[in-house]
Asks: 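Submitted below is the structure of interest, expressed as structure tokens.
As a basis for the values below, the full set of heavy atoms in this structure was taken, side chains included, without hydrogen atoms, waters or symmetry mates. This one's a predicted model, so the numbers in the text were calculated from it and none came from an experiment. All chains are named by letter (A, B, ...) in the order of the sequence lines, taking the proteins before the strands, and each is independently numbered beginning at 1.
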Protein chains: 2
Amino acid sequence: MAEGYLKGRIRREDIITTAVSVYAEAGYHGSSLREIARRSGITHAGLLYYFPTKEALLAAVLERRDSEDTEREHLAVPPGLDALRHLIALAAHNVQHPGIVDVYARLAAEAVAAEHPAHDYFERHYKMARDYAVASFQVLAERGELRPGVDPAYAGLNLVALMDGLQVQWLSGGGAVDLVGALRSYLESLLAVPLG
Amino acid sequence: MAEGYLKGRIRREDIITTAVSVYAEAGYHGSSLREIARRSGITHAGLLYYFPTKEALLAAVLERRDSEDTEREHLAVPPGLDALRHLIALAAHNVQHPGIVDVYARLAAEAVAAEHPAHDYFERHYKMARDYAVASFQVLAERGELRPGVDPAYAGLNLVALMDGLQVQWLSGGGAVDLVGALRSYLESLLAVPLG
DNA sequence: CCTACCGATCGGTAGG
DNA sequence: CCTACCGATCGGTAGG
């Protein structure tokens, strides 16, 4: 009896996974429910049984990403030098999973438009990332671990922007871009202490 | 007699201008020839008289941008400190024209996919920008104007990535992001001499 | 979950 | 440049 529910939950997760890879290929607007359904082994009407609209599926994709980030306890590291090290580790992890990076880079760009269904999600996401980065540089500044003259507010904003921009070039360039090295290089140019 | 040709040329330019603003709202894939035609005051079949395919119109949009950049003699400034100053001026110019920034930021993200008709265009564009930035930092390094320990190759890659990422956040954030200030801050953290 | 369908919209063509 | 059309595809619904 609970089996019915379990199968449904698994099916839902399958569909979300498939959606992520289709979004990665065609973007959100360029993806059709029929294509996602086909790769999931059901009809598009069947897909709409699980997710009543195209937007509901997108929301589920974004929700899953948030819960994965939370699982990884991304934000459990307090702002500071360790947070920056953790960010490099996260970048190194992402480099092993280009498909995922691709989805979110494309979605973020599509969602620049205020009417895009993921617009608010990314606005919140950027603000959180920025606040966290700025707080980290502020902690460094207080401890004298920041090079003199470096503004924590700009350094934080630039860190988030840099990660985004590097991802696009790394995705586009087919391996010619050393994402992690570039990120380390940026951070080292701001720090008065070794990054380790 | 030449009037017919002139009118055609004007019409073509009108259509390209309209296409730019529709791309800015909906991206390339999300834009329809019918919508671009409607705003240009013709039917979509009429538009196809001037641009035989959807891709041909995209190509015309990108071509125009290149010729505008060339007109501005973007690349006439030799690599070096002046080139970086010129880049800041270009960013300040772009901040006055969010619509144009929007189109190219969205197109660049869409074109990450290798099958996208603008993929090759952006790949070339990125490579040129990167080479130019790296060359500038190399010139600075030779003149001792770069802070010791700064790698010109990473600094150049990061400069291009940073500009891209800042544009996305600036577009998305609705004015909360100081793009030009952030760019200056990045450059100043790398230089051993004042940027002026 | 499926079959069967809807109205809307798409890029492109014919033929003038 | 337009009218008129094509085949394909879209998201979503009805009804089981």
Asks: For a quick check under 3.5 Å, do Y154(A) and D178(B) share a side-chain donor-acceptor pair by atom type?
Replies: yes
Asks: Does NZ or CZ of R65(B) come closer than 6.0 Å to the centre of the six-membered ring of Y104(B), within 45° of the ring's axis?
Replies: yes
Asks: R130(A) side chain to A153(A) main-chain N or O, any donor-acceptor pair under 3.5 Å?
Replies: no
Asks: Is it the case that H119(B) and E115(B) place a side-chain donor and acceptor less than 3.5 Å from each other?
Replies: no
Asks: Any side-chain donor paired with an acceptor under 3.5 Å for R34(A) and T43(A)?
Replies: no
Asks: Does the protein touch nucleotides 4-16 of chain C at the base, only the backbone, or not at all? Give it as B, S and - per nucleotide, heavy atoms under 4.0 Å.
Replies: BB----BBBB---
Asks: Any sub-3.5 Å donor-acceptor pair from H116(A)'s side-chain atoms to V112(A)'s backbone N or O?
Replies: no
Asks: Given the rule that a pair is Watson-Crick or G-U wobble with both distances under 3.5 Å, how would you write DNA chain D in dot-bracket, using | for pairs to a different strand?
Replies: ||||||||||||||||
Asks: If two hydrophobic side chains count as joined below 4.5 Å and joins carry through other members, does V134(A) share a cluster with Y186(B)?
Replies: no
